[in-house]
Amino acid sequence: MKESMTLVIATSNKGKTAEIKDLLKGFPVDIKNLNDFGPIPPLKEEGNTFDENAYQKASFAARILGLPALSDDSGLLVEALDGAPGIHSARYAGENATDEQRYLKLLDEMQGTSNRNAAFECAISIAVPTGPALTYEARCQGLITERPAGSNGFGYDPIFFYPPLNKTFAELTREEKSRVSHRGKAFAELKDEFDKVLIWIRQNMPVQEIKHG
Ligand code: ITT
């Protein structure tokens with residue numbers, strides 16, 4: 001039987017991790033996350049785009065751990081706010097704010113605004129310790145609600161209304177959300193060519209030293 005490959009999910013976001021684990025169910029990878037290792041320095045996120053940040057997080061984790069790593073950088077872009085919070089979605093209400101504080105701040109900013117158009121974007125990067133990486137990107141269009149609804153999901157889900165299903169993301173099951181979301185679509189592209197990705201990882205991983213007992 002072919003040995004499955006270890007893939008580290010380089011995120012400390014629990015909601016994201018849960019969705020990613022579900023999305024990769026059935027694929028021949030042994031999924032670990034950062035909690036499976038000792039403390040590591042905080043992942044760098046200093047880029048100006050989702051894909052730059054995803055690459056920085058994945059390549060940093062891959063280098064530090066010596067394993068292939070997958071990261072996801074995502075965020076919410078609101079048309080009436082000129083694309084904010086965008087790449088700053090995680091820090092929108094300050095460093096230690098909760099998801100609820102972040103979406104309430106956004107609703108506050110949007111009070112009285114009739115243009116509610118918004119989109120979630122997601123960039124996934126898969127990196128090996130030697131540097132190279134693969135990137136997948138997708139977006140999902142929706143509307144910012146007037147008030148939160150639903151308790152599933154995470155982050156800005158309670159205020160992101162998805163017109164085709166007439167519900168907010170927080171009112172969808174994880175499966176329903178993944179079928180249409182930015183993350184679900186980016187992973188669909190990755191999964192379509194997963195065989196090739198595994199070959200690419202094997203070819204780009206440094207040759208492991210074989211230890212004789
Ligand atoms: P990692 O960097 O450790 O992966 P993070 O929470 O810092 O986790 P990001 O830098 O990618 O993640 O920031 C994403 C922000 O956008 C964060 O506030 C999320 O809650 C939010 N977000 C991302 N995907 C989302 C989704 O599917 N539904 C709701 N909110 C989402």
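Note that ligands are numbered from 1 as they come in the structure, with each ligand's atoms numbered from 1 the same way. For reference, positions follow the sequence shown, starting with 1.
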| said: Considering non-hydrogen atoms of the protein only, which is the closest contact for atom 16 (O) of ligand 1, and what is the distance? | reply: S89 CB, 3.5 Å
| From OG (S181) to CD (E19), nearest 0.5 Å | 6.0 Å
| ligand 1 N/O within reach of E19 N/O, cut-off under 3.5 Å | no
| query | What is the closest protein heavy atom to atom 2 (O) of ligand 1, and at what distance does it sit? | reply | K57 NZ, 2.7 Å
| request: May I ask you to identify the nearest protein heavy atom to atom 28 (N) of ligand 1, giving residue, atom name and distance to one decimal place in Å? | output: D157 OD1, 2.6 Å
| Interfacing atoms of ligand 1 (cut-off 4.0 Å, heavy-atom, D73) | 9 (P), 10 (O), 11 (O)
| field | Residue selection (non-hydrogen contact nearest atom 14 (C) of ligand 1) among C140, A54, S74 | value | S74
| request: Any atoms of ligand 1 less than 4.0 Å from a non-hydrogen atom of R102? List them with their elements. | output: 18 (O)
| query | Which protein heavy atom lies closest to atom 30 (N) of ligand 1, and at what distance to 0.1 Å? | reply | Y156 N, 3.0 Å
| query | Taking atom types as modelled, is there a side-chain donor on T11 or N13 under 3.5 Å from an acceptor on the other? | reply | no
| request: Note the single closest protein heavy atom to atom 7 (O) of ligand 1, along with its residue, its atom name and the distance in Å. | output: A90 CB, 3.6 Å
| field | ligand 1 atoms in contact with N13 (distance to a heavy atom under 4.0 Å) | value | 3 (O), 6 (O), 8 (O)
| Which atoms of ligand 1 have any heavy atom of T11 under 4.0 Å away? | 1 (P), 3 (O), 4 (O), 8 (O)
| said: Within the 4.0 Å heavy-atom shell around E45, which atoms of ligand 1 are there? | reply: 2 (O), 10 (O)
| request: Identify, by atom number and element, the atoms of ligand 1 in contact range of H182, meaning under 4.0 Å from any of its heavy atoms. | output: 24 (N), 25 (C), 26 (C), 27 (O)
| query | Looking only at protein heavy atoms, which one is nearest to atom 24 (N) of ligand 1, and how far off is it? | reply | R183 NH2, 2.9 Å
| query | Is the number of heavy atoms from other residues, nucleotides or ligands within 6.0 Å of CG (D30) greater than 12? | reply | yes
| request: Let me see the working for I201 and V128 under side-chain contact (heavy atoms from CB on, under 4.5 Å), right down to the final yes or no. | output: CA-CA 7 Å; I201 294 177; V128 289; 4.1 Å; yes
| Taking the non-hydrogen atoms of G153, is any one of them nearer than 4.0 angstrom to ligand 1? | no
| request: Using non-hydrogen atoms of the residue, decide whether F154 is closer than 4.0 angstrom to ligand 1. | output: yes
| note | Distance col, row L76:CG vs L106:CG, nearest 0.5 angstrom, shows 6.0 Å
| query | Between E189, E193, K185, which is the residue that forms a side chain to side chain donor-acceptor pair (under 3.5 Å) with Y136? | reply | E193
| request: Could you tell me how the ring of F120 sits relative to the ring of H182: parallel (under 30°), tilted (30 to 60°) or perpendicular (over 60°)? | output: parallel
| task | Give the atoms of ligand 1, by number and element, whose distance to some non-hydrogen atom of K177 is under 4.0 Å. | result | 26 (C), 27 (O), 28 (N)
| message | Counting non-hydrogen protein atoms only, what is the nearest one to atom 9 (P) of ligand 1? Give residue, atom name and distance. | response | K16 NZ, 3.5 Å
| message | Once rounded to the nearest 0.5 Å, what's the spacing between atom CZ of F160 and atom OG1 of T145? | response | 10.5 Å
| request: Hey, could you give me the OG1/CD distance between T98 and Q101, rounded to the nearest 0.5 Å? | output: 3.5 Å
| said: Within the 4.0 Å heavy-atom shell around G155, which atoms of ligand 1 are there? | reply: 20 (O), 29 (C), 30 (N)
| task | Begin from the C-alpha positions of V29 and L198 and carry the test side-chain contact (heavy atoms from CB on, under 4.5 Å) through to its verdict. | result | CA-CA 9 Å; V29 276; L198 291 179; 3.9 Å; yes
| Quick one: do R102 and D99 make a salt bridge, cutoff under 4.0 Å? | yes
